[in-house]
Engineer: 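Take a look at this one; I'll ask things after.
Order of the sequence lines sets the chain letters (A, B, ...), proteins ahead of strands, with each chain counted from 1.
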Amino acid sequence: MKSFDFASSERKWKKQWEKEKIFEIKTSSFSSNRSKNKYVLDMFPYPSGEGLHVGHVEGYTASDIVSRFYRMRGYNVLHPMGWDAFGLPAENYAIKHKIHPEIVVKKNVANFKKQLKNLGFSYDWSREINTTDPDYYKWTQWIFLQLFKDGLAYEKEVSVNWCPSCKTVLSDEEAEGGVCARCSTKVQRRELKQWMLKITAYADKLIEGLDSLNWPQRVKTMQKNWIGKSEGATIRFSIISPIDADFNADKRGNDTKKNQSSGSRESEFVEIFTTRPDTIFGATYLVVAPEHKIISDLKSSIKNFDEVQKYVKKSKNKSDQERISEIKNKTGVELKGIKAINPATGKEISIWVADYVLPYYGTGAIMAVPAHDQRDWDFAKKFNLPIIFVISPDGKNVIDDKVYEEDGVLISSGKFNGQKNREAIPTITDFVKGKKEIQFKLRDWIFSRQRYWGEPIPLVFCEHCAAQVNAYKVRTNMEDNQRKSASNPRKSAEFSKGEILNPGWIAIEEKDLPLKLPKVKSYQPTGSLSSPLAGIKNWVNVKCPHCGNAAKRETNTMPQWAGSCWYYLRYIDPKNSQKIIDIKKEKSFMPVDLYIGGVEHAVLHLLYARFWHRFLFDKKIVKDPEPFFRLVNQGLILGTDGEKMSKSRGNVANPDDVINEFGADTLRMYEMFMGPLEDSKPWNTKGILGISRFLNRVWFLYQKHFNSKSKKSDSQKVNSDFENRFNQSLKKITEDIENLRFNTAISALMILSKELEALDSFPKEHAQKFILALSPFAPFISESIWRDVLKNKKSTLLSKWPEYDLKKSSVKIVKIAVQFNGKTRGVMDFKSGVAKEEVLKSIKNNDKLGNYFSGNEIQRVIFVPDRIINILF
RNA sequence: GCUCGGGUGGCGGAAUGGUAUACGCGAAGGACUUAAAAUCCUUUGAUCGCAAGGUCGUGUGGGUUCGAGUCCCACCCCGAGCACCA
């Protein structure tokens with residue numbers, strides 16, 4: 001007998017499946033009830049020149065098994081694939097080889113697609129999408145326009161990573177360690193105008209939405225921490241300087257009144273944010289961030305302004321690494337000549353500038369309570385600042401040799417003494433006239449890149465409209481200040497919220513989408529902080545769609561993440577040229593039932609996509625607020641050395657090599673057999689042999705019983721004990737697939753195959769069922785056996801999943817463990833449901849086990865039906 | 001520092017509180033073969049014992065329970081993520 005010819009089986013069925021179009025979903029599915037449908041989605045790949053990685057194969061095999069399983073169980077399964085093809089690698093390749101990224105992408109996509117098909121993945125290629133396809137990015141641009149029109153996109157100066165050698169802006173990932181990933185030049189910080197998306201407007205909703213999702217807890221926690229919601233209060237500390245100490249002493253009682261007399265001073269108070277108003281009696285100094293406006297406002301009152309300015313400059317140039325190394329060794333400078341008043345105690349406290357206070361969080365200023373905050377403690381110890389303890393564990397004893405961050409009872413806190421600190425928060429907040437406030441760590445999303453290979457941002461800048469909008473703004477402000485009239489005739493109402501928010505920026509008309517990326521001569525960034533698009537004069541210069549005057553296009557492009565924010569929607573309605581998606585179709589497949597991909601996207605792609613989806617939900621374009629109901633992260637596949645695979649380590653496993661040597665089925669099954677899907681696990685080429693042997697044994701088993709020369713094995717009876725084990729195995733395989741426990745499902749298949757090998761005759765019913773159960777894991781060999789050996793007409797994929805029937809086996813034998821005083825001494829077979837007394841009798845009569853009774857009196861017997869008996873003496 | 005995961009044979013890993021080490025790899029021995037590969041069979045946690053059998057054993061130390069890899073407490077180690085967020 002010849003062993004299984006993987007290569008020819010793969011060739012044959014790939015062609016046949018394509019011809020039969022068995023992977024294509026029925027169009028009627030898109031009008032059918034949601035409960036009849038399943039949406040099984042992979043994170044689509046970036047089609048790199050390297051080709052498919054074993055990590056891709058792992059996640060894609062898992063989703064393919066699930067897709068095939070659900071199809072066999074009668075669901076309409078949407079299982080699509082596409083390409084996330086905008087981004088740096090293609091652009092860098094273009095710069096180096098002077099080849100248009102489009103050509104590179106095309107080549108890489110073709111290669112990826114070939115590899116995916118070689119693995120037998122059941123993708124419906126008729127729904128393939130590509131983020132760089134104008135018919136696709138038309139809608140990416142369209143969503144951006146909706147965000148813009150709703151005032152959720154705005155322009156702002158932000159600090160970016162800049163490589164002076166490559167003359168380009170770098171992402172944080174490209175600037176890791178403070179050096180350019182491409183040329184190793186030291187990265188600088190630059191202020192640059194960027195488009196921002198107001199993801200912070202959705203901060204609360206993005207936290208709340210997590211509750212309803214079946215996601216790994218760690219991803220939920222990561223998102224929650226990333227958004228970082230804190231409830232606290234803002235509290236004003238008034239400022240005094242020697243010049244007007246009298247005035248401030250006077251106004252301490254009613255500091256809400258506006259100070260008109262002090263023209264030279266802008267700041268009269270510092271507003272701080274704290275989550276711990278209960279500790280305010282222990283606030284012994286204030287700290288402001290280097291960027292805080294009080295420093296320039298009170299320039300003339302700050303005696304050591306030169307020193308302060310020097311410190312501010314130095315902190316701004318600090319790299320992330322320098323900042324982190326200072327966590328334990330804090331730096332700062334006192335603002336001499338000015339003081340703040342602690343509103344709780346009325347006492348004067350000093351004001352410091354230090355870069356451990358972040359400018360973009362809260363108000364950029366804090367009250368320091370060194371007794372009860374580690375960071376403040378470190379700072380106070382270094383600069384010898386006063387420390388006052390206001391919380392004691394029990395209201396009497398004070399731990400004062402180190403910071404005390406636990407809860408307890410208030411002391412040295414005036415009329416609040418004796419209260420539990422947490423409970424006193426609301427009353428103390430009121431007492432110091434604080435305002436309750438919620439803060440988030442999440443910051444708005446920087447949405448522009450000074451790059452060529454991305455979606456053009458569909459906006460133009462028009463000087464004429466800028467003037468109009470600014471005039472309109474002045475007018476409406478005046479109106480607002482005078483009297484708000486209900487019938488206010490807003491003459492410039494034809495400007496959208498976004499256009500008013502960003503004077504001069506005008507949305508291009510939706511009928512002009514897609515705004516296609518023009519061809520350029522050089523992809524090299526210009527060095528003038530703008531993208532290569534800025535050099536194409538006839539593309540940049542346009543007529544303003546609003547007023548018809550001369551205008552210029554935005555030349556920045558969207559970031560890599562934009563296209564992947566909504567691709568899962570487009571698969572449902574990929575050819576719709578009128579709408580982004582038909583909501584009726586959307587309703588029958590969203591939200592995604594199962595989304596499989598790497599954990600590295602926990603806070604970027606998955607958060608951005610939820611943000612956009614939530615926005616589309618608010619715009620009533622989709623009917624569900626969350627896009628991905630169940631998320632599973634496949635674990636990393638490590639090299640044979642247990643280290644992360646990388647070219648430099650030389651430990652990268654290549655899927656093509658395995659396919660050539662052992663076949664696609666072997667690769668698929670091996671990757672599923674390595675361990676739990678979500679665990680990281682090392683690659684082991686020896687382990688592949690085990691799977692290869694298993695599949696060959698299956699092949700020989702069917703050859704032996706069913707090839708044309710052998711006698712018919714049909715209509716043979718098997719004993720009920722076998723029947724029972726067979727059904728138990730099917731049950732285990734079914735449940736394991738449902739729970740994505742593919743490693744144990746494969747174990748069950750292996751055990752079952754041994755049982756089948758032991759049979760003298762092989763009933764066709766069992767032969768059929770076993771192959772169907774194997775088919776989601778190993779589709780090629782299964783198809784060969786199913787159609788060529790067992791002579792079935794239709795594909796395994798179109799056949800019914802083998803259901804298990806536990807009733808079929810009437811007599812069930814169970815193994816009961818026998819314990820004496822909790823120690824297992826033997827195992828005996830019984831009929832299922834056997835009574836305790838009968839078991840006890842059998843044990844007493846047993847040659848071996850019976851001896852344990854001699855000289856002992858039974859005190860107690862614990863009996864768990866069908867499982868265990870424990871006899872205590 | 002904080003937040004999650006996780007520590008089980010030589011290795012990857014199985015175990016609704018109920019026979020710990022399923023399944024696979026590796027190793028050893030054997031069969032087939034002139035020989036090798038492939039394939040098949042047997043053995044394979046440690047330890048004592050000729051054997052029957054005993055003792056120990058899931059990172060460490062305690063606890064709950066008739067019974068703990070699994071539950072509780074404390075600690076040690078490894079991995080991942082976040083990192084001065086007031």
Engineer: Using a heavy-atom cut-off of under 4.0 Å over every strand shown, decide if A:N821 touches base, sugar-phosphate, or nothing.
Structural biologist: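 The answer is nothing, as A:N821 stays clear of every strand by at least 4.0 Å.
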Engineer: Mind checking whether A:Y670 and A:W683 have ring centres under 6.0 Å apart?
Structural biologist: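 Yes, the ring centres sit under 6.0 Å apart.
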Engineer: Closer than 4.0 Å, any side-chain N/O of A:R825 to the OP1 or OP2 of B:rG54?
Structural biologist: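 Yes, A:R825 has a side-chain N/O under 4.0 Å of OP1/OP2 on B:rG54.
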Engineer: If we take the P atom in both B:rA27 and B:rA38, what is their distance in whole Å?
Structural biologist: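 Straight-line distance between the two P atoms is 10 Å.
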Engineer: Would you mind classifying the nucleic acid contact of A:R443 as base, sugar-phosphate or nothing, using non-hydrogen atoms under 4.0 angstrom?
Structural biologist: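 No contact at all - A:R443 keeps every heavy atom at 4.0 Å or more from the nucleic acid.
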Engineer: Say you pick atom P in B:rU39 and the same atom in B:rC56; how far apart are they, in whole Å?
Structural biologist: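 Result for the P pair: 41 Å, nearest Å.
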Engineer: Using a cut-off of strictly less than 4.0 Å, decide whether A:R693 has a side-chain nitrogen or oxygen near OP1 or OP2 of B:rA38.
Structural biologist: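 No, no such contact exists.
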Engineer: With sugar-phosphate meaning primed atoms plus P, OP1 and OP2, does A:R218 contact a base, only sugar-phosphate, or nothing at under 4.0 Å between heavy atoms?
Structural biologist: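 A:R218: backbone/sugar contact only, no base atoms under 4.0 Å.
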Engineer: Work out how far the C1' atom of B:rG12 is from that of B:rG6, and round it to whole angstrom.
Structural biologist: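 About 16 Å, rounded to a whole number of Å.
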Engineer: For A:Y285, report the nucleic acid contact type (base, sugar-phosphate, nothing); a contact means any heavy atom under 4.0 Å.
Structural biologist: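 Contact class for A:Y285: none.
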Engineer: Counting the atoms with a prime plus P, OP1 and OP2 as sugar-phosphate, which does A:P216 contact under 4.0 Å by heavy atoms, base, sugar-phosphate, or nothing?
Structural biologist: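 No contact at all - A:P216 keeps every heavy atom at 4.0 Å or more from the nucleic acid.
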Engineer: Taking the inter-plane angle between the rings of A:W352 and A:F383 on a 0 to 90° scale, is it parallel (under 30°), tilted (30 to 60°) or perpendicular (over 60°)?
Structural biologist: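 Answer is tilted, since the angle falls between 30° and 60°.
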Engineer: For A:Y356 together with A:F379, are the ring centres under 6.0 Å from each other?
Structural biologist: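 Judged by ring-centre distance (under 6.0 Å), A:F379 and A:Y356 do meet the cut-off.
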Engineer: Taking salt bridge (Lys or Arg N to Asp or Glu O under 4.0 Å) as the criterion, tell me which of A:K293, A:K433, A:R236 meets it with A:E271.
Structural biologist: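 Going through A:K293, A:K433, A:R236 one by one, the salt bridge (Lys or Arg N to Asp or Glu O under 4.0 Å) with A:E271 is satisfied by A:R236 alone.
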Engineer: Any base atoms under 4.0 Å from A:Q819, or only sugar-phosphate, or nothing? Heavy atoms, all strands.
Structural biologist: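 If one applies the 4.0 Å heavy-atom cut-off, A:Q819 turns out to touch a base.
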Engineer: Considering only the P atoms, how many Å lie between B:rG13 and B:rU8, rounded to the nearest integer?
Structural biologist: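 The same atom, P, in both gives a distance of 9 Å.
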Engineer: So A:N870, base contact, sugar-phosphate only, or nothing? Heavy-atom distance under 4.0 Å.
Structural biologist: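 Answer is base: heavy atoms of A:N870 come under 4.0 Å of a base.
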Engineer: Please measure how far the C1' atom in B:rC73 lies from the corresponding atom in B:rG24, and state the result in whole Å.
Structural biologist: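 Comparing C1' positions in B:rC73 and B:rG24 gives a spacing of 38 Å.
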Engineer: Checking all strands, does A:R697 fall into the base, sugar-phosphate, or nothing category for heavy-atom contacts under 4.0 angstrom?
Structural biologist: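 Here A:R697 touches the backbone only, sparing every base.
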Engineer: Report which part of the nucleic acid A:K823 touches: base, sugar-phosphate, or nothing (heavy-atom distance under 4.0 Å, all strands).
Structural biologist: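 The answer is sugar-phosphate, as A:K823 gets under 4.0 Å only of primed atoms, P, OP1 or OP2.
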Engineer: Determine the Euclidean distance between corresponding P atoms of B:rC72 and B:rC4; express it in Å to zero decimal places.
Structural biologist: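 To the nearest whole Å, 14 Å.
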Engineer: When rounded to the nearest Å, what value does the distance between C1' atoms of B:rG29 and B:rU19 take?
Structural biologist: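 About 28 Å, rounded to a whole number of Å.
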Engineer: In whole angstrom, give me the gap between the P atoms of B:rG69 and B:rU58.
Structural biologist: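 Per the computed distance, 7 Å lies between those P atoms.
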Engineer: Could you check whether A:K754 gets within reach of a base, just the sugar-phosphate, or nothing at all, counting any heavy atom under 4.0 Å?
Structural biologist: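 Answer is sugar-phosphate: A:K754 comes under 4.0 Å of backbone atoms only.
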Engineer: Could you check whether A:K686 gets within reach of a base, just the sugar-phosphate, or nothing at all, counting any heavy atom under 4.0 Å?
Structural biologist: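 Sugar-phosphate, backbone atoms only, no base.
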Engineer: Would you tell me if any nitrogen or oxygen in the side chain of A:N225 comes within less than 4.0 Å of OP1 or OP2 on B:rC2?
Structural biologist: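 For B:rC2, neither OP1 nor OP2 has a side-chain N or O of A:N225 closer than 4.0 Å.
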Engineer: Using a cut-off of 4.0 Å on non-hydrogen atoms, how would the nucleic acid contact of A:I751 be classed: base, sugar-phosphate, or nothing?
Structural biologist: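 Here A:I751 touches the backbone only, sparing every base.
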Engineer: Are A:F700 and A:F4 near enough that their ring centres are under 6.0 Å apart?
Structural biologist: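 No, they do not, as the ring centres are separated by 6.0 Å or more.
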Engineer: Consider the side chain of A:S230, meaning its heavy atoms from C-beta on, and name the nucleotide among B:rA86, B:rC66, B:rC23 that approaches it most closely.
Structural biologist: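 Nearest listed nucleotide: B:rA86.
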